[in-house]
Amino acid sequence: MSALFDSSPVTTRFAPSPTGSLHLGNARTAFFSLLWARRSGGRFILRIEDTDVERSQLRFRDELMADLRWLGLDWDEGPDIGGPSAPYSQAERGEFYATLFARLEADGRAYPCYCTAEDLELSRKLQRMAGKPPRYAGTCRYLTDEQRAEREARGLKSSLRFAVPSDQIIEFVDVVHGPQRFVSSDIGDFIIRRDSGTSSFFFCNAVDDSVMGVTQVLRGDDHLTNTPRQLMVLDALGMRRPGYGHVGLLVGEDGAPLSKRHGSTSALEFRERGFLPAAVLNHLFRLGHASDVDGWLSPADMPAHFRPGHLGRAPARFDESQLMHWQKAAVERMSAGQIGSWLGCGDPADFVELVRHNVVLPADAVAWRAVVRGDLPPLGESEQRIVASAGREFFAAAAAAFDQSGQDLNLLTALLKERTGRKGADLFMPLRVALTGQAHGPELKILLKLMSPETARRRLKSHA
RNA sequence: GCUCCCUUCGUCUAGAGGCCCAGGACAUUGCCCUCUCAAGGCAAGUACACGAGUUCGAAUCUCGUAGGGAGCGCCA
């Protein structure tokens with residue numbers, strides 16, 4: 001099986017509809033598609049599926065592209081950069097679809113349907129009540145030319161339906177699910193052109209993949225049962241079939257496909273919280289995909305390690321604690337300068353260097369800024385205990401010692417050790433808590449140097 | 001309702017009949033290191049949904065059952 005994935009270059013694509021921002025699940029399929037193309041030396045296409053004029057917005061298209069670029073997912077052909085199959089926005093491909101619709105109609109493979117939304121709604125309802133699958137009843141399929149003419153004369157609008165042949169077996173090999181077999185009789189005639197004249201997903205998505213030279217379609221599991229419809233269209237048109245692979249969906253805590261109610265699920269939200277693209281990519285790389293390396297992978301190394309044969313069928317649960325792990329790793333790998341600009345507050349270099357190991361998201365830095373130049377929040381319970389068990393005398397001694405030692409922690413602790421007899425954690429912890437308000441944090445020695453002497457003295461005295 | 005898909009530790013996964021009384025990673029807990037945290041090292045616990053069958057032998061094959069998901073839209 002693996003030989004199947006090795007040899008020739010594959011062309012893949014990402015075909016989002018610009019009706020919202022880039023979702024993590026979509027980002028993952030885009031990423032896998034890109035990886036597969038890169039790994040094989042092929043091409044990756046971005047196509048915008050904006051035939052639904054009501055819901056599509058230019059703003060979303062731009063956001064989508066910005067999010068993709070933020071993640072470092074660059075395309076070889078797309079609406080903004082063009083390419084051999086331009087245009088890459090389906091709203092601009094109407095003429096192409098029109099010639100195909102005409103062919104299908106002339107061949108008797110598609111027919112105009114005059115049913116209204118209400119008709120169809122009612123029909124589906126009736127079928128459901130009768131315990132039958134809600135499929136198009138075929139009302140308009142066998143209309144005579146006269147009947148059609150009569151309806152046109154009445155000014156009725158029509159959509160175009162694909163005439164699904166009966167008792168046809170549609171087979172294909174899904175790269176993740178293996179051999180698939182569907183019976184056409186289970187599929188009702190479906191709309192390929194809306195009454196507005198625009199193409200529907202089943203149609204334009206399939207023919208564009210074919211004509212744009214896409215060799216491997218990677219998409220979510222939810223499209224698996226749509227595939228036979230698209231295959232019938234392609235076959236009817238005599239167009240080349242791409243390979244298909246349906247990856248298990250990305251789901252939330254509750255096992256339901258990722259959506260708004262699971263908290264932040266859009267790329268933009270993670271970006272705004274300060275997650276690093278390489279961290280997100282490392283996480284996504286292992287969701288529904290078995291990596292052959294456990295450790296950190298730089299994005300540049302990922303294509304070589306992508307294994308299409310190891311794509312997951314089962315849904316993968318998005319778990320932020322794993323993302324956090326990669327985020328830590330990503331922060332570790334940044335230079336001090338990069339961290340500085342990532343934190344975005346113009347922090348001095350010595351501060352950045354000091355806190356970098358205690359920060360996984362930019363929000364974590366604010367507490368340390370307060371330690372260095374600001375006011376400490378009230379102590380937590382365990383911190384209070386540490387202060388209490390050290391006792392007032394300890395802090396009185398500490399304040400006195402500080403007047404001698406200044407911000408030299410070594411000197412301060414040496415003096416204190418002498419005067420109180422304390423050592424080790426018993427000595428350091430109360431100092432740390434008094435000085436920083438927390439039991440954990442960066443190196444105390446440097447922290448002490450960074451705060452003003454007045455601040456340090458005041459903090460020590462406040463517990464005396 | 002009909003059709004299709006899915007089911008291995010808490011989570012991501014390895015596993016394509018014996019190498020598996022199931023391996024790794026994240027998370028968790030403990031220990032080491034250390035003023036603390038992080039990092040690093042070591043260690044621990046926890047999983048083949050269930051039931052039949054095929055086989056000398058099944059996480060792996062077959063059939064059922066249960067649970068989850070998707071599609072059946074003039075949404076993609």
Side-chain angles (χ1 to χ4, degrees), chain A residues 1 15-17 19 26 49-52 54-56 113 115-117 120-121 124 127-136 157-161 174 176-177 180-183 185-188 190-196 198-202 204-205 219-229 246 248-249 251 253-257 283 285-295 310 312-326 328-329 331-332 356-360 386 409 413 423-433 436 438-445:
Chain A
M1 188 95 166
S17 63
T19 55
N26 290 140
E49 310 227 325
D50 51 359
T51 60
D52 183 355
E54 325 239 294
R55 305 206 301 164
S56 298
C113 170
C115 298
T116 65
L120 298 170
E121 186 59 40
R124 272 194 292 270
Q127 290 179 91
R128 269 183 211 282
M129 273 161 47
K132 297 191 157 199
R135 283 204 285 268
Y136 182 63
K157 297 185 94 181
S158 66
S159 60
L160 191 67
R161 275 186 197 272
D174 187 285
V176 355
H177 289 275
Q180 301 293 311
R181 182 188 165 91
F182 293 87
V183 182
S185 316
D186 290 331
I187 301 168
F190 52 93
I191 288 183
I192 55 178
R193 186 186 64 207
R194 306 185 182 98
D195 64 8
S196 64
T198 57
S199 168
S200 75
F201 166 79
F202 288 127
C204 54
N205 177 267
R219 48 174 22 170
D221 234 352
D222 48 343
H223 287 295
L224 186 57
T225 49
N226 292 159
T227 309
R229 273 171 257 267
H246 293 89
L249 258 24
V251 300
E253 198 88 13
D254 53 0
H283 186 223
F285 191 72
R286 293 160 173 91
L287 243 32
H289 172 246
S291 175
D292 55 352
V293 303
D294 281 328
H310 287 258
R313 292 168 288 282
R317 199 160 304 212
F318 176 76
D319 179 5
E320 201 166 284
S321 75
Q322 304 206 29
L323 209 211
M324 282 300 181
H325 166 74
W326 298 115
K328 267 182 211 165
V331 173
E332 286 298 327
R356 60 174 299 163
H357 301 296
N358 290 274
V359 164
V360 341
I386 291 169
L409 185 70
T413 52
K423 57 179 180 170
D426 285 340
L427 178 64
F428 279 92
M429 280 307 277
L431 282 179
R432 170 176 288 283
V433 171
T436 72
Q438 294 178 62
H440 319 300
E443 214 179 327
L444 190 56
K445 185 177 164 183

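In what follows, every chain begins at residue 1, and chains take the letters A, B, ... in the order their sequences are listed. Keep in mind that what you see is a predicted model, and the values were worked out from it rather than measured. Note: hydrogens, waters and symmetry copies are ignored here, and every other heavy atom, side chains too, is used.
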Gap in Å between the two [atom1] atoms, one belonging to [N] and one to [M], rounded:
{"N": "B:G10", "M": "B:U28", "atom1": "C1'", "answer": "9 Å"}
{"N": "B:A39", "M": "B:C26", "atom1": "P", "answer": "10 Å"}
{"N": "B:G23", "M": "B:G15", "atom1": "P", "answer": "15 Å"}
{"N": "B:C31", "M": "B:A70", "atom1": "C1'", "answer": "48 Å"}
{"N": "B:A27", "M": "B:C42", "atom1": "P", "answer": "15 Å"}
{"N": "B:A16", "M": "B:C61", "atom1": "C1'", "answer": "11 Å"}
{"N": "B:U29", "M": "B:C37", "atom1": "P", "answer": "13 Å"}
{"N": "B:U11", "M": "B:U46", "atom1": "P", "answer": "16 Å"}

Requested in this report: List in chain and number order the residues that pass side-chain hydrogen bond (donor to acceptor under 3.5 Å, both in side chains) with A:Asp52, two or more places apart in sequence or in another chain; answer none if no residue qualifies.
Outcome: A:Arg55
What is the base-pairing partner of [N], counting Watson-Crick and G-U wobble geometry with both distances under 3.5 Å?
{"N": "B:G71", "result": "B:C2"}
{"N": "B:C9", "result": "none"}
{"N": "B:C56", "result": "B:G18"}
{"N": "B:U34", "result": "none"}
{"N": "B:A39", "result": "none"}
{"N": "B:A44", "result": "B:U28"}
{"N": "B:C50", "result": "B:G64"}

Query raised in the report: So A:His440 and A:Asn358, side-chain hydrogen bond (donor to acceptor under 3.5 Å, both in side chains) or not? Walk me through it.
Result: CA-CA 9 Å; A:His440 319 300; A:Asn358 290 274; over 6 Å; no
Report task. Evaluate side-chain hydrogen bond (donor to acceptor under 3.5 Å, both in side chains) for A:Arg219 paired with A:Asn205, printing each intermediate quantity in order. Result -> CA-CA 12 Å; A:Arg219 48 174 22 170; A:Asn205 177 267; 3.3 Å; yes
Using 0.5 Å steps for rounding, measure from the [atom1] atom of [X] to the [atom2] atom of [Y].
{"X": "A:Leu323", "Y": "A:Phe318", "atom1": "CG", "atom2": "CZ", "answer": "4.5 Å"}
{"X": "A:Met129", "Y": "A:Arg124", "atom1": "CE", "atom2": "CZ", "answer": "14.5 Å"}
{"X": "A:Ser17", "Y": "A:Phe201", "atom1": "OG", "atom2": "CZ", "answer": "9.5 Å"}
{"X": "A:Leu287", "Y": "A:His289", "atom1": "CG", "atom2": "NE2", "answer": "11.5 Å"}
{"X": "A:Ser56", "Y": "A:Glu49", "atom1": "OG", "atom2": "CD", "answer": "9.5 Å"}

Query - Steps toward side-chain hydrogen bond (donor to acceptor under 3.5 Å, both in side chains) verdict (A:Thr436, A:Arg432) - result: CA-CA 6 Å; A:Thr436 72; A:Arg432 170 176 288 283; 4.7 Å; no
Send over the distance from [X] [atom1] to [N] [atom2], rounded to a whole Å.
{"X": "A:Gln322", "N": "B:C26", "atom1": "CD", "atom2": "C1'", "result": "4 Å"}
{"X": "A:His310", "N": "B:G15", "atom1": "NE2", "atom2": "C1'", "result": "10 Å"}
{"X": "A:His289", "N": "B:C26", "atom1": "NE2", "atom2": "C1'", "result": "17 Å"}
{"X": "A:Asp426", "N": "B:C35", "atom1": "CG", "atom2": "P", "result": "13 Å"}
{"X": "A:Asp292", "N": "B:A14", "atom1": "CG", "atom2": "P", "result": "12 Å"}
{"X": "A:Leu431", "N": "B:C35", "atom1": "CG", "atom2": "C1'", "result": "9 Å"}
{"X": "A:Arg317", "N": "B:A27", "atom1": "CZ", "atom2": "C1'", "result": "15 Å"}
{"X": "A:Asp319", "N": "B:A25", "atom1": "CG", "atom2": "C1'", "result": "12 Å"}

Would you tabulate the nitrogen or oxygen pairs shorter than 3.5 Å linking the protein to nucleotides 36-42 of chain B?
unit_1	atom_1	unit_2	atom_2	d
B:U36	O2'	A:Ala439	O	2.6
B:U36	O2'	A:His440	ND1	2.8
B:U36	O2	A:Gly441	N	2.7
B:U36	O2	A:Gly441	O	2.7
B:U36	N3	A:Arg432	NH2	3.1
B:U36	N3	A:Gly441	O	2.7
B:C37	O4'	A:His440	ND1	3.4
B:C37	O2	A:Asn358	OD1	2.6

Requested in this report: Name all residues meeting the salt bridge (Lys or Arg N to Asp or Glu O under 4.0 Å) criterion together with A:Arg128; count only those two or more places apart in sequence or in a different chain, and write none if there are none.
Outcome: none
Query raised in the report: What do you reckon, is CZ of A:Arg313 surrounded by more than 12 foreign heavy atoms closer than 6.0 Å?
Result: no
Query - A:Glu253 atom CD: more than 12 heavy-atom contacts under 6.0 Å - result: no
Report summary line: Sorted by position of nearest nucleotide on RNA chain B, 5' first, the leading residue of A:Ala314 and A:Leu409 is A:Ala314
Query raised in the report: Taking protein heavy atoms under 4.0 Å as touching, what does nucleotides 64-76 of chain B look like 5' to 3' if B marks base contact, S marks sugar-phosphate-only contact and - marks none?
Result: -----SSSBSBSB
Contact list (N/O, under 3.5 angstrom) for nucleotides 29-34 of chain B vs protein:
none

Query - Residues forming a side-chain contact (heavy atoms from CB on, under 4.5 Å) with A:Thr413, sequence neighbours excluded - result: A:Leu409, A:Leu427, A:Phe428, A:Leu431
